Amino acid sequence: MTSADRSFPPVRTLIAVADARYGGSMDTQYIPKNVESKWQNNWQETQAFRVSEDSDKPKYYLLEMFPYPSGRIHMGHVRNYAIGDVVARFKRMQGFNVLHPMGWDAFGMPAENAAIEHGTHPAKWTYENIASMRTQLKRIGLSYDWEREFATCDADYYRWEQLIFLKMLEKGLAYKKGSSVNWCEDCQTVLANEQVEDGCCWRCHNEVEPKQLEQWFFKITDYADELLDWADKLSGWPERVLAMQRNWIGKSYGCEIEFPIVNRDDKIKVFTTRPDTLFGATFMSLAPEHPLAAGLVSDERKAEVDAFIAEVARQDKVDRTSGELEKKGVFTGSYAVNPVNGEEIPIFLANFVLMDYGTGAVMAVPAHDQRDFEFARKYELPIRIVIQPAGDALVGSELEEAYTGPGLLVNSSQFDGVENEAAKEQIAEFLDQRGEGRKTINYRLRDWGVSRQRYWGTPIPVVYCDSCGIVPVPEADLPVLLPTDVELTGEGGSPLARHEEFMRVACPKCGQQARRESDTFDTFVESSWYFARYACPAYTGGPLDREAANYWLPVDQYIGGIEHAVMHLLYARFYTKVLRDLGMLDVDEPFTNLLTQGMVCKETQRCREHGWLYPEEVVDGCCTHCSKPVELGRTEKMSKSKKNVIDPNQLIDQFGADTARLFSLFAAPPEKDLEWNEQGVEGCSRFLGRIWRAVADNIELISGAEIPTEVDGEAADLKRKIHQTIKKVTEDVDGRFHFNTAIAAVMELVNAIYSFKSASENPGVMREALETVVRLLNPFVPHICEELWAQLGHEQSVEVAGWPGWDEEALIADSVTLVIQVNGKVRGKISLAVDAAREAIEAAALKEPNVQRFITDKQVRKIIVVPGRLINIVVS
RNA sequence: GCGAGAGUGGCGGAAUUGGUAGACGCGCUAGAUUUAGGAUCUAGUGUCCCGUGGCGUGGGGGUUCGAGUCCCCCCUCUCGCACCA
């Protein structure tokens with residue numbers, strides 16, 4: 001790739017303009033406050049970041065995960081949006097038509113809780129928070145197209161979500177069923193499986209309990225295979241996110257086998273991935289909640305079994321699935337028949353069998369499954385070897401642990417001697433022919449439960465009629481508006497259910513009095529398609545203007561936190577495929593590239609008497625309340641509870657947005673955790689002051705200077721450094737997101753500017769150096785760069801000037817320093833002409849006095865010359 | 001247990017294909033300037049005896065002229081999943 005295609009604008013004419021605007025002088029002191037408000041106003045007035053589809057430039061859609069409008073931005077937001085803004089500004093300077101929108105994930109519980117606590121209406125609370133956060137975001141100087149902003153609680157947004165739901169209902173992708181769901185008593189609502197972490201609510205960490213309820217579900221399981229297959233094609237995603245999603249989908253190949261129950265006209269279905277071990281099944285284990293469990297219990301065993309069921313029910317889900325739990329069970333008194341050998345095996349209930357995986361029933365093969373093995377030993381059940389590893393002869397009674405490796409089948413009648421992998425197929429085939437089983441694929445993934453028993457969300461647009469049953473709200477009647485006059489007390493279930501006027505509705509089908517659905521959607525539904533709506537936020541003809549959506553989508557780069565690896569990112573992928581299949585969109589996947597940024601961390605500080613302390617409560621290592629020395633704690637994610645937080649607003653007041661951005665980008669690469677450090681912030685502030693002074697000190701000197709193409713001596717070195725820096729920064733930013741090293745490279749260039757002694761003889765090169773610094777840093781610290789660019793005499797925004805290209809010619813040095821090694825150890829350095837012949841290089845290296853010391857009296861066996869780098873003299 | 005990633009100065013972090021380990025910043029030391037400064041500038045700063053030099057990227061082995069980087073074994077840490085049948 002060559003460069004220099006974007007040459008610097010003719011300097012003299014622009015200087016005249018600059019003189020007119022600035023009178024040829026500039027403040028010697030950098031005052032961020034003045035600079036930043038000036039340029040923020042300028043961007044707003046000129047609508048600098050507005051985009052539309054009608055452009056000759058290639059499109060680039062950059063998106064950061066939109067925030068929940070809590071009312072205050074935190075450092076995590078600053079980091080996330082600073083990273084995004086670098087990419088947006090960089091791509092724009094590179095000549096892309098960049099869509100960079102922002103909006104609000106505005107439905108959700110905090111608004112409702114605020115209403116319950118303080119009596120403010122969720123809508124008022126939310127929109128006021130949005131207004132305040134918008135102001136805060138604008139202070140960071142982010143280059144959003146604010147014209148596209150929307151909040152998901154806008155009826156103009158959620159009405160289309162309701163329409164998509166109706167279409168999903170038509171296609172059978174949305175359905176209602178009664179089942180055991182995850183109930184969070186604290187949040188007074190149901191949660192999807194993805195939203196339960198270690199048995200606790202992802203939001204409030206309260207323990208989740210099972211509850212039998214009728215709920216709406218989205219058929220994400222229909223897309224399990226596609227979601228899984230595409231996980232292999234998303235090369236722009238971090239491997240760990242894909243791994244988490246694959247894991248969550250949990251596809252496993254196996255066999256469903258039916259075991260008739262002795263003396264009953266019923267069968268128990270089990271799922272197994274090991275049909276090859278079927279002849280080794282010596283008992284069966286059922287989940288205590290299994291629907292057949294109660295019916296299987298003989299009278300004399302009833303008391304014992306009931307006690308066991310009650311005991312398991314008392315255990316919470318965390319313990320139940322911990323793996324540490326002792327395997328326990330109880331015999332039901334009933335027997336099942338192994339379909340392949342007619343053997344009658346006892347049926348147990350076991351605490352480790354989960355109702356929500358597979359069929360809730362397991363054929364137990366103790367010889368070849370560790371859990372069954374432990375269970376069998378405890379209850380003295382037979383252990384029968386059916387797979388023998390090569391060169392070994394296992395004996396069931398002598399086994400110390402289950403054998404799960406490969407081998408040949410034994411004790412398996414007609415399958416004896418078959419290799420076990422092949423036997424999986426053969427036994428499945430055998431069962432299938434006899435109608436006793438079939439090959440199946442089992443998924444861990446469950447359908448997405450989307451009903452929420454809360455007020456502040458999108459109303460689910462259906463009506464319940466005594467005669468007609470579930471009736472969808474006709475499209476023409478959308479939106480089903482969320483009523484504003486509700487009473488929020490936090491008690492007595494969903495507030496909507498108590499709202500008579502909302503609930504009472506005529507059945508759209510028969511006209512009889514009916515009632516509305518009082519549940520609202522999970523707020524993850526809104527965030528599953530907002531990125532598509534940004535393509536056409538004002539479109540009134542449907543959820544998506546297909547043309548606009550197809551122009552912008554997919555999102556080229558998505559940036560956000562890892563905490564959404566499974567929830568939001570899986571739902572958004574699912575929704576994209578649904579929208580595609582509904583004919584609203586033509587893309588398969590929403591996000592081509594994903595960057596998951598690390599957390600913002602800070603050291604914690606604690607006073608023995610006053611507990612955790614905010615940074616401002618500590619002066620000279622002592623607590624401001626009691627003057628006792630403060631204990632330093634671990635570096636942890638910034639959180640209010642540990643008080644190790646930095647308020648972005650205060651930070652910007654003190655140092656300016658550019659410094660806040662610069663530190664967020666410089667202190668660590670984006671995907672790693674960032675450790676906040678006050679002195680590091682000061683260092684960044686100092687660096688900006690250094691650039692400002694470099695321009696101010698030279699502004700008169702370089703006024704009117706042309707950028708030369710041919711220079712020599714020290715000026716040639718500086719010119720080479722300029723172009724090396726352009727190359728380095730371009731390569732670091734473009735696709736690699738190595739912002740920290742890109743900034744370091746510019747710092748080196750600034751250091752070179754300070755060391756440049758012959759500026760007065762070479763004002764043109766000085767100009768080139770300063771202008772390059774400004775252009776390269778613009779994506780990182782745009783306010784100061786816009787200001788300096790104007791001070792340097794340019795009329796238009798530095799973004800218009802574009803991203804600088806490098807000149808390959810300027811990279812070439814006349815001479816090059818080569819390291820001389822003897823046996824791989826550095827013994828000297830020589831400077832030689834770039835085009836020096838190999839013989840000359842070798843000769844020069846051997847002549848070096850210090851090299852001589854290490855090779856005299858030795859035999860030179862070999863000389864390795866790595867052009868431009870080093871010479872290694874091998875001696876013995 | 002499975003999966004992903006990491007281990008480099010006092011600290012945050014560099015080293016893109018095997019080629020000068022420690023770029024850049026913080027901190028620290030000294031000097032200059034200043035009424036003073038937590039401002040600015042200059043120089044130094046992995047470690048070991050002063051220096052020529054020796055040692056040094058979690059530990060041990062290997063490949064190579066040459067290894068932070070490649071291969072084998074081991075240790076530690078972080079994150080995710082986990083009685084998944």
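A note on names: the letters A, B, ... follow the listed sequences, proteins ahead of strands, and every chain is numbered from 1. Values in this document were obtained by computation on a predicted structure and should not be read as measured data.
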Exercise. In whole angstrom, give me the gap between the P atoms of B:G19 and B:C83.
Key: 45 Å

Self-check item: Gap between atoms CD and P, on A:Gln821 and B:U64 respectively (whole Å)
Solution: 17 Å

Quiz item: Nearest-Å distance, CD (A:Gln654) to C1' (B:G38)?
Solution: 12 Å

Quiz item: Less than 4.0 Å between a side-chain N and a carboxylate O, is that true for A:Lys328 and A:Glu374?
Solution: no

Self-check item: Distance in angstrom units between A:Asn740 CG and B:C11 P, rounded
Solution: 18 Å

Quiz item: Under a 4.0 Å N-O cut-off, is there an ion pair linking A:Asp232 with A:Arg246?
Solution: yes

Quiz item: Hey, which of these two, A:Arg240 or A:Asn247, hits RNA chain B nearer its 5' end, going by closest nucleotide?
Solution: A:Arg240

Exercise. Return the nearest nucleotide to the side chain of A:Phe352; candidates are B:C83, B:U52, B:U20.
Key: B:C83

Quiz item: To the nearest 0.5 Å, how far apart are CD in A:Glu848 and CG in A:Leu818?
Solution: 10.5 Å

Quiz item: Between A:Asp229 and A:Lys233, is there a salt bridge with N-O shorter than 4.0 Å?
Solution: no

Quiz item: Start at the 5' end of RNA chain B and walk down; is the nucleotide closest to A:Arg827 or to A:Ile864 reached first?
Solution: A:Arg827

Quiz item: Is the NZ atom of A:Lys829 crowded by more than 12 outside heavy atoms at less than 6.0 Å?
Solution: no

Quiz item: What nucleic acid atoms does A:Arg371 come within less than 4.0 Å of, heavy atoms only: base, sugar-phosphate, or nothing?
Solution: base

Exercise. Please determine, for the side chain of A:Arg444, which listed nucleotide (B:C84, B:G12, B:A23) has the closest atom?
Key: B:C84

Self-check item: Touch class at under 4.0 angstrom, heavy-atom based, for A:Gly250 against every strand present
Solution: nothing

Practice problem: From the options B:U52, B:A85, B:G25, select the nucleotide whose nearest atom is closest to the side chain of A:Leu354. | Solution: B:A85

Quiz prompt | Cationic tip of A:Arg690 above A:Tyr754 ring, under 6.0 Å, 45° of axis | solution = yes

Quiz item: Between which residue ranges does RNA chain B form stems of three or more consecutive Watson-Crick or G-U wobble pairs, both distances under 3.5 Å?
Solution: B:1-7 with B:75-81, B:10-12 with B:24-26, B:27-32 with B:40-45, B:46-48 with B:53-55, B:58-62 with B:70-74

Quiz item: Heavy atoms under 4.0 Å, any strand shown: does A:Lys829 hit a base, just sugar-phosphate, or nothing?
Solution: base

Quiz item: If you check every side-chain atom of A:Val826, which of B:A85, B:A21, B:C26 has the closest atom?
Solution: B:A21

Quiz item: Which nucleotide sits closest to the side chain of A:Gln679: B:U16, B:C26, B:A85?
Solution: B:C26

Quiz item: Contact class for A:Asn872 (heavy atom, under 4.0 Å): base, sugar-phosphate, or nothing?
Solution: base

Exercise. Using the C1' atom on both, measure B:G13 against B:C50 and round to a whole Å.
Key: 32 Å

Quiz item: Nearest to the side chain of A:Thr272, which nucleotide is it out of B:C24, B:A85, B:G19?
Solution: B:A85

Quiz item: Can you tell me how far C1' of B:C11 sits from CZ of A:Phe666, to the nearest Å?
Solution: 13 Å

Quiz item: Between B:A23 atom P and A:Glu731 atom CD, what is the distance in whole Å?
Solution: 21 Å

Quiz item: Within 45 degrees of the axis of the six-membered ring of A:Phe854 and under 6.0 Å from its centre: does A:Arg827 put its NZ or CZ there?
Solution: yes

Self-check item: Euclidean distance for C1', B:G46 against B:G68 (whole angstrom)
Solution: 14 Å

Quiz item: Just checking A:Lys328: base, sugar-phosphate only, or nothing, at a heavy-atom cut-off of under 4.0 Å?
Solution: nothing

Self-check item: C1' atoms of B:G66 and B:C73, separation to the nearest Å
Solution: 24 Å

Quiz prompt | For B:G44, glycosidic torsion class - syn if within 90° of 0, otherwise anti | solution = anti

Exercise. For A:Ile873 and B:C65, give me the distance from atom CD1 to atom P, rounded to whole Å.
Key: 16 Å

Quiz item: Atom OG1 of A:Thr817 and atom CZ of A:Arg869: how far apart are they, to the nearest 0.5 Å?
Solution: 12.5 Å

Practice problem: Name the nucleic acid region contacted by A:Asn442, choosing base, sugar-phosphate or nothing; use a 4.0 angstrom heavy-atom cut-off, strictly under. | Solution: nothing

Self-check item: side-chain N/O A:Lys825 vs B:C55 OP1/OP2, d < 4.0 Å
Solution: yes

Quiz item: Of all the nucleotides listed (B:G19, B:C83, B:G13), which has the minimum atom distance to the side chain of A:Lys327?
Solution: B:C83

Exercise. Determine the Euclidean distance between corresponding C1' atoms of B:C81 and B:U8; express it in Å to zero decimal places.
Key: 30 Å

Quiz item: Is the closest basic N to carboxylate O distance between A:Arg446 and A:Asp356 below 4.0 Å?
Solution: no

Exercise. Determine the contact category for A:Pro238: base if any of its heavy atoms lies under 4.0 Å from a base atom, sugar-phosphate if only primed atoms, P, OP1 or OP2 are that close, otherwise nothing.
Key: nothing

Quiz item: Does A:Arg693 come within less than 4.0 Å of A:Asp697, counting only side-chain N to carboxylate O?
Solution: no

Exercise. Nearest whole angstrom, please: distance from the P of B:A14 to the CZ of A:Phe739.
Key: 13 Å

Quiz prompt | From B:G13, B:C83, B:C24, nucleotide with atom closest to A:Glu748 side chain | solution = B:C24

Exercise. Taking all non-hydrogen atoms of both residues into account, name the closest pair between A:Ala845 and A:Ile830 and its distance.
Key: N-CD1, 4.0 Å

Practice problem: Under 4.0 Å between any heavy atoms, over every strand shown, what does A:Glu682 touch: base, sugar-phosphate, or nothing? Just pick one. | Solution: nothing

Practice problem: Among the candidates B:A82, B:A85, B:G25, find the nucleotide nearest to the side-chain atoms of A:Thr273. | Solution: B:A85

Quiz item: Can A:Arg438 and A:Glu258 be counted as an ion pair, charged N to O under 4.0 angstrom?
Solution: yes

Practice problem: Provide the distance between the two C1' atoms, one in B:U76 and one in B:A85, to the nearest whole Å. | Solution: 34 Å

Quiz item: On a whole-Å scale, what distance lies between the C1' atoms belonging to B:C74 and B:U20?
Solution: 31 Å

Quiz item: What is the per-nucleotide protein-contact pattern of nucleotides 41-51 of chain B, from the 5' end, where B denotes a base atom under 4.0 Å from a protein heavy atom, S denotes such proximity for sugar-phosphate atoms only, and - denotes neither?
Solution: S----------

Self-check item: Distance, C1' atom - from B:G56 to B:A67, rounded to whole angstrom
Solution: 14 Å

Quiz item: Relative to the ring of A:Phe375, is the ring of A:Phe283 parallel (under 30°), tilted (30 to 60°) or perpendicular (over 60°)?
Solution: parallel

Practice problem: Describe the nucleic acid contact of A:Val819 in one word from base, sugar-phosphate, nothing, applying a heavy-atom distance below 4.0 Å. | Solution: base

Quiz item: Rounded to whole angstrom units, what separation is found between the CG atom of A:Asp673 and the P atom of B:C11?
Solution: 18 Å

